[in-house]
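First the structure, in the form of structure tokens, and then the observations on it.
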Amino acid sequence: WQFALSPPLTGLLLWVKADPISGLSDGDGVALWEDQSGSGNDVTQTTAAERPVYRSSVIGSLPSVQFTRTSSHSIGRSAYLTSDNEPWSIFAVLQPPSTTGEQVPVYNGQDVKGWGLATSTDTDKKGALFGFVAWMSSPVASDTAAQLYGLIRSTAATYLYLDGTEYEIGGPSPSSPSADGFSIGREDAGGQPRHFDGYISEVLVYGTNLNATDRVTVESYLMGKYGL
């Protein structure tokens, strides 16, 4: 098996990864996570106490960014990447949380208008979150091992991919365009934020539903890089 050396770049809106982060030592707060897609969609955190923490060796012995729920860690930008009613694809290499409750590693939009990755250790489910209550998921046993999460939303259905295995989790949820905001590490719904408790090493967001060839290329690149 030969792994891809890089992901497809066409349609890529955001690409953040921990290994190019420079000037930080293990345990330092991450104020800026630079977008590698060329789109200029950097994510930032201006509040020092809420900055996630740089870790030099976690998933695949590579750098990662650690988010702690009790410290309200998150990093983001003021504008959303795509609206709810557009096709999109998102991939993230993360270490699922060992703490309980519904948690949201990545969220595009704000409050009830948006979408993102979601995981629940209470119900052993992983999937997509649309707004505050439109939770679409697949029963997947919880574990704390690093995984590659993928979500692809077309006009017909939303698909979850865990380490390349496909789970169909339903048709598109009715929604209005996203409110402003994009966040890694939290989703703020109705003033009740759901933070993520764990490590995130890399996130890619596309403004299109990737075809099978491109999806496999992204998966090959990430799984090969992190030894998943």
Is it true that a side-chain atom of [X] and a backbone atom of [Y] form a donor plus acceptor pair closer than 3.5 Å?
X    : Y    : value
N209 : I152 : no
D28  : S25  : yes
S74  : I184 : no

In the single-linkage hydrophobic clustering (I, L, V, M, F, W, Y; side-chain heavy atoms under 4.5 Å), do L228 and L62 co-cluster?
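Hydrophobic grouping puts L228 with L62.
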[X] vs [Y] side-chain heavy atoms within contact, under 4.5 Å:
X   : Y    : result
L14 : Y206 : no
L32 : D42  : yes
E34 : V16  : no

Atom of T46, atom of R51 and distance for their closest heavy-atom approach:
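Residues T46 and R51, closest heavy atoms: O-NH2, 3.5 Å.
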Which pair of heavy atoms, one from D197 and one from T68, lies closest together, and at what distance?
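In terms of heavy atoms, the two residues are closest at OD1-CA, 3.3 Å.
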Check whether the side chains of [X] and [Y] place a donor and an acceptor atom closer than 3.5 Å, and report yes or no.
X    : Y    : answer
E166 : Y161 : yes
E202 : Y221 : yes
Q66  : Y54  : no
S37  : S39  : yes

Salt bridge check, D35 against R77: does any charged N sit closer than 4.0 Å to a carboxylate O?
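No salt bridge links R77 with D35.
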